[in-house]
Colleague: 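Structure in C-alpha cells, see below.
The basis for the numbers below is simple: all heavy atoms, side chains too, and nothing from hydrogens, waters or symmetry mates.
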Amino acid sequence: MVSFGSDFHVLAVDDNLIDRKLVEKLLKNSSCKVTTAENGWRALEFLGLVDEQQQKTLESSVSKVNLVITDYCMPGMTGYELLKKIKESSVMKEVPVVIVSSENIPTRINQCLEEGAQMFMLKPLKQADVKKLKCHLMN
C-alpha cells in the first residue's frame, strides 16, 4: 500500500520546463517530495541506473523514490525507453512508473501499460489527476 505524504518521493521527468514545474507544483500540493529531471538520461543518473558500476550505490536512492512520472515524448530517450530501463533493473522494477503525454494514441498507451507502466495520463495534468493517481496507487 502506498501512502502520499512528505516522505513520498516522486521523480518527475519532462523536457518541457513549464510541464515539469506544473507536475512539481501539483505533487507538492499533495505533500509529496519532488525531484525533477529534464530528460531520461538525467533520470537514470539520479536513479543510479547509468551503468553497472553504479548498481552497488543504488540501494541508497531506491528508498528515496516511490514513484516516477515521465513525459512520453522527449528528445534523446522517450518515456517508454525510460520505463523499459527502470523495469529491466532488478532493484528499481517495483517502483511504479506513470507516463504522461499530450497525445491520446491508444497503441502507445497500450504499449506503455504492457511494458509495466502503472498508469498513462493525458496532459495537461490537473489536481484531480493527482487525486486519481493516489487512489490508483493505494489500491
Colleague: Partners of Asp19 by side-chain hydrogen bond (donor to acceptor under 3.5 Å, both in side chains), sequence neighbours excluded?
Modeller: Lys123
Colleague: Can you confirm whether Leu17 is buried at CG, in the sense that more than 12 heavy atoms of other residues, nucleotides or ligands lie under 6.0 Å from that atom?
Modeller: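 Atom CG in Leu17 is crowded, with more than 12 foreign heavy atoms closer than 6.0 Å.
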Colleague: Sequence neighbours left out, what passes side-chain hydrogen bond (donor to acceptor under 3.5 Å, both in side chains) with Asn29? Give chain and number order.
Modeller: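 With neighbours one apart ignored, the set is Gln127.
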Colleague: Let me confirm one number: the OG-CG distance from Ser101 to Leu122, rounded to the nearest 0.5 Å.
Modeller: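 So the OG of Ser101 and the CG of Leu122 are separated by 7.0 Å.
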Colleague: Working to the nearest 0.5 Å, report the span between CG of Asp14 and CG of Asp71.
Modeller: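 These two atoms lie 4.0 Å from each other.
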Colleague: Considering all heavy atoms of both residues, which atom of Val65 and which atom of Phe46 are nearest to each other, and what is their separation?
Modeller: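 Looking at all heavy atoms of both residues, the shortest contact is CG2-CE2, 3.4 Å.
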Colleague: If you round to the nearest 0.5 Å, how far is CD of Glu114 from OG1 of Thr107?
Modeller: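 Going from OG1 on Thr107 over to CD on Glu114, the span is 10.5 Å.
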Colleague: For residues Phe120 and Leu113, report the shortest heavy-atom separation together with the two atoms involved.
Modeller: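 Where Phe120 meets Leu113 most closely, the heavy atoms are N-CD2, 4.3 Å.
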Colleague: Residues in side-chain hydrogen bond (donor to acceptor under 3.5 Å, both in side chains) with Thr35, at least two apart?
Modeller: His9
Colleague: What is the minimum heavy-atom distance between Leu49 and Ser89, and which atoms define it?
Modeller: CD2-OG, 3.5 Å
Colleague: What pairs with Arg42 under salt bridge (charged side-chain N to carboxylate O under 4.0 Å, His left out), at least two apart in sequence or on another chain?
Modeller: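 Salt bridge (charged side-chain N to carboxylate O under 4.0 Å, His left out) list for Arg42, sorted by chain: Glu38, Glu45.
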Colleague: Identify the heavy atoms of Ile99 and Ala117 that sit nearest to each other, and give their distance.
Modeller: CG1-CB, 4.0 Å
Colleague: Does Leu44 form a side-chain contact (heavy atoms from CB on, under 4.5 Å) with Met77? I'd like the steps, not just the answer.
Modeller: CA-CA 10 Å; Leu44 290 177; Met77 179 188 299; 3.4 Å; yes
Colleague: Determine the minimum heavy-atom distance between Val13 and Gly40, stating which atoms define it.
Modeller: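 Smallest interatomic distance, heavy atoms only, reads CG1-N, 4.1 Å.
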Colleague: Between Leu11 and Val95, does a side-chain contact (heavy atoms from CB on, under 4.5 Å) hold up when you go through it step by step?
Modeller: CA-CA 11 Å; Leu11 175 60; Val95 174; over 6 Å; no
Colleague: Out of curiosity, Lys134 NZ to Ser31 OG, how far, rounded to the nearest 0.5 Å?
Modeller: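 Taking NZ in Lys134 and OG in Ser31, the distance rounds to 6.5 Å.
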Colleague: If you look at every heavy atom in Ala37 and Ala43, which pair is closest and at what distance?
Modeller: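 Residues Ala37 and Ala43, closest heavy atoms: CB-N, 3.8 Å.
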Colleague: Holding to side-chain contact (heavy atoms from CB on, under 4.5 Å), I want the full list of residues that pass it with Ala12, two or more places apart in sequence or in another chain.
Modeller: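 side-chain contact (heavy atoms from CB on, under 4.5 Å) list for Ala12, sorted by chain: Val23, Val34, Thr36.
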Colleague: In chain order, what residues pass the salt bridge (charged side-chain N to carboxylate O under 4.0 Å, His left out) check against Lys93, with sequence neighbours excluded?
Modeller: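 With sequence neighbours excluded, Lys93 shows a salt bridge (charged side-chain N to carboxylate O under 4.0 Å, His left out) to no residue whatsoever.
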Colleague: Lys126: what forms a side-chain contact (heavy atoms from CB on, under 4.5 Å) with it, not counting sequence neighbours?
Modeller: Asp129
Colleague: Could you note down all residue pairs passing salt bridge (charged side-chain N to carboxylate O under 4.0 Å, His left out) where residues 99-110 supplies at least one of them, sequence neighbours left out?
Modeller: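 Sorted result for residues 99-110: Glu103-Arg108.
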Colleague: Using the salt bridge (charged side-chain N to carboxylate O under 4.0 Å, His left out) criterion, which residues pair with Lys85? Sequence neighbours excluded.
Modeller: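 Lys85 satisfies salt bridge (charged side-chain N to carboxylate O under 4.0 Å, His left out) with no residue once adjacent residues are dropped.
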Colleague: Please say yes or no: joined through hydrophobic side-chain contacts below 4.5 Å, possibly via intermediate residues, are Val97 and Ile105 part of one cluster?
Modeller: no
Colleague: Measure the spacing between NZ of Lys84 and CD of Gln111 and express it to the nearest 0.5 Å.
Modeller: 7.5 Å
Colleague: Quick one: CG on Leu83 to CD on Glu88, what's the gap to the nearest 0.5 Å?
Modeller: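 Spacing of CG (Leu83) from CD (Glu88) equals 9.5 Å.
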Colleague: Going by heavy atoms in the side chains, are Arg20 and Asn16 under 4.5 Å from each other?
Modeller: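 Side-chain contact under 4.5 Å: no.
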Colleague: When you measure from the side chain of Glu81 to the backbone N and O of Thr78, does any donor-acceptor pair fall under 3.5 Å?
Modeller: yes
Colleague: Leu67: what forms a side-chain contact (heavy atoms from CB on, under 4.5 Å) with it, not counting sequence neighbours?
Modeller: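 Per chain and number, Leu67 pairs via side-chain contact (heavy atoms from CB on, under 4.5 Å) with Phe8, Val10, Ile69, Pro96, Val98, Leu133, Leu137.
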Colleague: Among residues at least two apart in sequence or on other chains, which ones pass side-chain hydrogen bond (donor to acceptor under 3.5 Å, both in side chains) with Gln118?
Modeller: none
Colleague: Can you list the residues that meet the salt bridge (charged side-chain N to carboxylate O under 4.0 Å, His left out) rule with Lys132, with sequence neighbours excluded?
Modeller: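 Residues passing salt bridge (charged side-chain N to carboxylate O under 4.0 Å, His left out) with Lys132: none at all.
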